[in-house]
J.: 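Before I ask anything, let me first share the structure, which is written out below as structure tokens.
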Amino acid sequence: MTDETPDPADRNDPVEPESIEPEAAEPEEEPGEVLFYEPGGSRWVVLIGPVLVLAVLIMEIAGPGQVHWPVLIIFLVILFGFSLVQVSAARRHVSVELTETTLRQGAVTTPLADIEKIYPPNNSATPEDWESARALGELHGVPRRRKGVGVRLTSGDLAQAWARDVEVFRSELTQAHAAVRMGLPPSTKKPIRGDGSRKTDPEPEEGQDTTE
């Protein structure tokens, strides 16, 4: 019986896996400055219910009868809750925010690069095709007290951007869209978070000549 020495080449040494470095995430494109904004609903509407209940309360206190506290509290809760829900829904679904690279209509954001053409306003009696198109955002049609701006997307679909102050909105949207089509980068002059001031040039170092 002979002893056979195993060949080192036959050994199944564990192969160390190559270290895979995680790919660096691509930086998100900066949206740029806000060019146009409409909140969709005013928060002061929530105060209508409490003001009405307070007026009734003052009248009952000044009158000869008793104060109906349970009824007033119930009306206060109903009016305040209804107005709060209404304002919250309006600020979520009917708000507009236009930046240098994006257009947010309600809760849906559309890159300006996805818009191929912006149609001029229709001043004739004949309706244009875009006037019957769907609205941008999660709503099917243009919200009440808003007017549409016809756009054609890069997919070929017609749609309507919309806003309350449609003239200013159309002007800002047209300029921002033209800048995106020309490949101009977003502005870097943004307010500093926290104090709202703008960035300024760094102070010169000591001994540095600042004259030109």
Side-chain angles (χ1 to χ4, degrees), residues 22-42 90-204 208 210-212:
E23 296 181 358
E26 296 182 358
E28 296 182 357
E29 183 180 0
E30 292 291 338
E33 291 186 344
V34 176
L35 306 176
F36 181 87
Y37 177 73
E38 286 182 350
S42 300
R91 294 181 71 88
R92 174 174 175 81
H93 300 291
V94 198
S95 59
V96 180
E97 183 180 82
L98 171 67
T99 69
E100 293 177 290
T101 59
T102 60
L103 170 61
R104 182 178 62 80
Q105 306 258 239
V108 178
T109 300
T110 302
L112 295 184
D114 291 350
I115 298 177
E116 182 177 351
K117 179 181 179 179
I118 300 176
Y119 291 92
N122 181 20
N123 297 322
S124 65
T126 304
E128 299 286 348
D129 293 338
W130 61 263
E131 294 182 271
S132 59
R134 66 175 181 85
L136 292 178
E138 64 270 33
L139 302 178
H140 182 268
V142 176
R144 293 185 304 169
R145 296 188 292 273
R146 273 78 177 172
K147 294 182 179 180
V149 176
V151 297
R152 184 174 71 233
L153 305 178
T154 53
S155 62
D157 297 333
L158 294 178
Q160 293 187 74
W162 44 267
R164 185 188 296 269
D165 191 352
V166 70
E167 297 301 330
V168 176
F169 172 66
R170 182 191 297 274
S171 175
E172 295 290 348
L173 177 62
T174 302
Q175 296 180 49
H177 178 257
V180 170
R181 300 287 288 183
M182 290 187 294
L184 299 179
S187 174
T188 57
K189 294 181 179 180
K190 293 184 178 181
I192 300 176
R193 293 182 179 179
D195 58 2
S197 60
R198 291 185 178 274
K199 295 181 179 179
T200 57
D201 295 334
E203 297 182 358
Q208 181 180 355
T210 59
T211 60
E212 294 182 357

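What's counted below: heavy atoms across the whole structure, side chains too, no hydrogens, waters or symmetry copies.
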J.: In Å and rounded to the nearest 0.5 Å, what is the CG to CG distance from L112 to L35?
T.: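 Reported to 0.5 Å precision, the distance equals 8.5 Å.
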
J.: So, does R104 use its side chain to make a donor-acceptor pair with the main chain of G106 at under 3.5 Å?
T.: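 Side chain of R104 to backbone of G106, a donor-acceptor pair under 3.5 Å: yes, one is there.
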
J.: Could you point out which residue of V108, T109, L103 forms a side chain to side chain contact (heavy atoms under 4.5 Å, CB included) with Q105?
T.: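 For Q105, the side chain to side chain contact (heavy atoms under 4.5 Å, CB included) check succeeds only for L103.
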
J.: Without swapping roles, check the side chain of R164 against the backbone of G40 for a donor-acceptor pair under 3.5 Å.
T.: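 Side chain of R164 to backbone of G40: no pair is present.
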
J.: Which pairs pass side-chain hydrogen bond (donor to acceptor under 3.5 Å, both in side chains) with one or both residues in residues 136-148, sequence neighbours excluded?
T.: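 Residue pairs passing side-chain hydrogen bond (donor to acceptor under 3.5 Å, both in side chains), neighbours aside: H93-E138.
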
J.: Where is the tightest heavy-atom contact between P186 and G32, given as atom of each residue plus distance?
T.: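 It is CB-CA, 3.8 Å.
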
J.: For the residue pair E97 and Y37, what are the closest heavy atoms and their distance?
T.: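 For E97 and Y37, the tightest heavy-atom pair comes out as CB-CD1, 4.0 Å.
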
J.: So how far is it from N123 CG to E128 CD, rounded to the nearest 0.5 Å?
T.: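 Answer for the CG-CD pair, N123 versus E128, is 10.0 Å.
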
J.: Minimum heavy-atom separation for A113 and T154, please, with both atom names.
T.: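 Where A113 meets T154 most closely, the heavy atoms are O-CG2, 3.5 Å.
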
J.: Please report the closest heavy-atom contact between A161 and L173, naming both atoms and the distance.
T.: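 Looking at all heavy atoms of both residues, the closest pair is CB-CD2, 4.3 Å.
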
J.: Name all pairs fulfilling the ring pair (Phe, Tyr, Trp, His ring centres under 6.0 Å) condition that reach into residues 167-187, sequence neighbours left out, sorted by first residue then second.
T.: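 For residues 167-187, and leaving out neighbouring residues, the ring pair (Phe, Tyr, Trp, His ring centres under 6.0 Å) pairs sorted by first residue read F36-F169.
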
J.: For the residue pair E131 and P127, what are the closest heavy atoms and their distance?
T.: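 Scanning both residues, the minimum pair turns out to be OE1-CA, 3.2 Å.
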
J.: Can you tell me how far apart CG (L98) and OG1 (T110) are? Round to the nearest 0.5 Å.
T.: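 Going from the CG atom of L98 to the OG1 atom of T110 covers 11.0 Å.
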
J.: Holding to side-chain hydrogen bond (donor to acceptor under 3.5 Å, both in side chains), I want the full list of residues that pass it with Q175, two or more places apart in sequence or in another chain.
T.: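 For Q175, the residues satisfying side-chain hydrogen bond (donor to acceptor under 3.5 Å, both in side chains) (neighbours in sequence not counted) are S171.
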
J.: Are the side chain of E100 and the backbone N or O of E33 linked by a donor-acceptor pair below 3.5 Å?
T.: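 Checked: pair present.
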
J.: Applying the side chain to side chain contact (heavy atoms under 4.5 Å, CB included) criterion to R152, which one of D129, L158, I118 satisfies it?
T.: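 Testing R152 for a side chain to side chain contact (heavy atoms under 4.5 Å, CB included) against D129, L158, I118 leaves exactly one candidate, L158.
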
J.: Taking all non-hydrogen atoms of both residues into account, name the closest pair between P39 and S95 and its distance.
T.: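 Residues P39 and S95, closest heavy atoms: O-CB, 3.2 Å.
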
